[in-house]
2 protein chains.
Amino acid sequence: MTFHPSLEPRSNSVKMTAVATRKRTDALTRARIVDAAIAVLDADEEAGLTFRALSQALATGPGAIYHHVSGKGELLDAATEAVVTAALDLPGGGAAPREEVHALALGLFDAIDDHPWVAAQLAAQLARTSAHGASLRILEALGRRVMTLGVPREHWFTTTTALLYYVLGAAGQNAAARESSGGDDRAAVLAREADAWESLPAEDFPFLRAVAAQMRDHDDREQFTAGVDLVLAGIAASGARVSGGSAR
Amino acid sequence: MTFHPSLEPRSNSVKMTAVATRKRTDALTRARIVDAAIAVLDADEEAGLTFRALSQALATGPGAIYHHVSGKGELLDAATEAVVTAALDLPGGGAAPREEVHALALGLFDAIDDHPWVAAQLAAQLARTSAHGASLRILEALGRRVMTLGVPREHWFTTTTALLYYVLGAAGQNAAARESSGGDDRAAVLAREADAWESLPAEDFPFLRAVAAQMRDHDDREQFTAGVDLVLAGIAASGARVSGGSAR
DNA sequence: ACCTGAACACCGTTCAAGT
DNA sequence: ACCTGAACACCGTTCAAGT
């Protein structure tokens with residue numbers, strides 16, 4: 001399984017504010033199509049990515065795109081792949097596994113923050129079957145570090161998937177919350193959500209009311225990392241006897 | 001926030017093998033529409049749920065449905081809500097919180113196993129913003145038990161969301177794997193997936209190759225519960241000082 | 001008030017015709 | 001070989017007309 005090599009690192013640094021910028025007739029390549037798709041997705045969410053809009057941004061007809069991608073599904077997969085590839089590309093100077101897990105988790109957190117549509121895409125990819133493409137590579141990247149954390153071998157799989165679900169779920173939720181702000185600052189969004197939770201009936205929602213206050217003022221990245229540490233604590237606890245060393 | 005009360009418990013016991021069974025002209029109610037939608041979703045996945053197919057199953061025209069639901073989004077939410085409501089309805093005789101978490105988790109596991117489209121729906125709902133409708137109620141149900149597990153108050157929220165993500169992610173993945181079987185038995189599916197992982201290049205995927213064997217023979221529900229226990233172990237470890245008692 | 005179903009404004013995808 | 005863009009078979013949603 002190879003991941004299309006034609007994709008330069010600049011692929012997800014596409015940041016055009018408007019979409020239809022290029023008029024030049026460069027060759028229509030798969031990489032250019034994927035870049036344009038990412039730009040459209042960043043600007044208009046998944047619903048905005050139509051072959052008509054995309055072909056207009058590329059100054060061509062809808063049919064042309066089909067010479068390079070098989071359909072919309074593959075296009076979405078390729079766009080997700082490009083973003084995740086960039087996010088998983090660590091500076092890589094053999095840090096401690098626990099630090100590497102933090103770095104991977106935060107890299108994905110930021111990537112999903114920049115491209116919120118990636119969250120739903122990874123979730124769908126994960127739900128489609130065991131693991132495919134981008135989500136498979138995230139699983140591998142996390143698992144490789146879990147292997148060196150002293151977890152008993154028979155817990156490797158469950159441990160790593162638990163970590164994966166937390167990272168994707170929390171990062172996606174963060175991005176969605178940030179998205180729905182509509183320009184308000186973060187504090188205002190949190191306050192609005194906290195207000196909503198506090199106005200729920202106390203008999204039906206004791207938990208949400210109890211945590212509403214703590215949601216009102218917290219740092220997103222800090223809370224995210226705390227969650228990663230929580231799962232890592234479970235890992236450490238369940239592999240207690242070796243606790244820290246490098247198992248093999 | 002109330003959850004439409006017109007929904008009888010039988011709502012998700014709809015099990016028709018074919019779809020177009022009713023010809024009678026009972027009143028067209030919201031509950032009947034939601035029941036029919038669930039049946040269509042169970043039979044043909046999300047892509048199969050069109051207003052034309054649904055109206056045919058209800059022996060009416062597409063426009064009639066809009067008198068009872070505002071659009072496709074609300075219809076999907078209502079269908080998800082109905083399935084989750086039934087799954088969260090515990091026998092409820094004050095069991096230990098840890099057992100209740102297990103019961104909730106397995107209830108959702110089985111509900112998603114019966115209605116695989118629910119997984120993607122909950123994920124989308126979760127990604128749309130902080131938490132809405134069905135996913136909000138799952139969060140509350142889990143959180144209420146976490147509150148009584150001796151976790152420090154400031155960890156309640158992160159702890160519960162980690163649990164939520166694991167449960168939804170793992171249950172969804174299980175359902176997807178089972179779905180893709182196409183009639184093969186479970187062992188054959190696992191074997192096929194394990195074979196795929198074992199044929200990955202060893203340099204690029206040491207982790208997936210290492211866990212492939214353990215995936216080949218395992219019990220789905222057993223592995224799922226082990227994952228819940230892993231997160232609970234993290235909870236216990238991070239709230240170590242009180243470990244077990246009922247904090248308040 | 002509720003239902004009907006043709007009509008509207010889209011969509012992904014295909015394919016003859018061009019270069 | 002690659003591109004074009006009209007055309008095809010859908011889709012969610014609306015709305016005049018019926019009951």
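Just so we're clear, the structure is a prediction, and the values are computed from it rather than from any experiment. A note on names: the letters A, B, ... follow the listed sequences, proteins ahead of strands, and every chain is numbered from 1. Just the heavy atoms: all of them, side chains too, but no hydrogens, waters or symmetry mates, feed the values below.
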- 5'-most by nearest nucleotide on DNA chain C - Ala47(A) or Ser70(A): Ala47(A)
- Message: Go nucleotide by nucleotide along DNA chain C from the 5' end; which of Phe51(A) and Ala64(A) gets its closest nucleotide reached first?
- Response: Phe51(A)
- Note on the structure: Thr50(B) has its side chain closest, among dC3(D), dG12(D), dC11(C), to dG12(D)
- Task: Could you tell me whether the side chain of Arg145(A) and the main chain of Ala141(A) form a donor-acceptor pair under 3.5 Å?
- Result: yes
- Query: Considering Watson-Crick and G-U wobble pairs with both distances under 3.5 Å, what does dC2(D) pair with?
  - Reply: dG18(C)
- Nearest to side-chain heavy atoms of Arg52(B), which nucleotide of dC11(C), dC3(C), dT13(D): dT13(D)
- Message: With a 4.0 Å limit, can you tell me whether His68(A) has a side-chain N or O closer than that to the phosphate oxygens OP1/OP2 of dC2(D)?
- Response: no
- Query: Just checking Leu75(A): base, sugar-phosphate only, or nothing, at a heavy-atom cut-off of under 4.0 Å?
  - Reply: nothing
- Task: Measure the distance from CD1 on Ile65(B) to P on dC3(C) and round it to the nearest whole Å.
- Result: 11 Å
- Message: Once you measure the plane-to-plane angle for Phe224(B) and Tyr166(B), does it fall in the parallel (<30°), tilted (30-60°) or perpendicular (>60°) bin?
- Response: parallel
- Query: Base, sugar-phosphate alone, or nothing: which one does Leu54(A) contact when heavy atoms must sit under 4.0 Å apart?
  - Reply: nothing
- Item | Closest nucleotide among dG12(D), dC3(D), dG12(C) to the Tyr66(A) side chain | dG12(C)
- Query: Rounded to the Å, how far apart are Lys72(A) NZ and dT14(C) C1'?
  - Reply: 17 Å
- Grab the CD-P distance between Gln56(A) and dC10(C) for me, whole Å please. 13 Å
- Do His68(B) side-chain atoms and Leu28(B) backbone N/O form a donor-acceptor pair below 3.5 Å? yes
- Message: I need the Lys72(A) NZ to Leu75(A) CG distance, nearest 0.5 Å.
- Response: 8.5 Å
- Please give the nucleotide sitting opposite dA7(C) as a Watson-Crick or G-U wobble pair, both distances under 3.5 Å, or none. dT13(D)
- State whether a side-chain donor-acceptor pair under 3.5 Å links Trp197(A) with Glu193(A). yes
- Which nucleotide, dG12(C), dC11(D), dC3(D), lies nearest any side-chain atom of Leu28(A)? dC3(D)
- Note on the structure: Taking for His67(B) and for Gly61(A) the nucleotide of DNA chain D with the nearest heavy atom, the one nearer the 5' end belongs to Gly61(A)
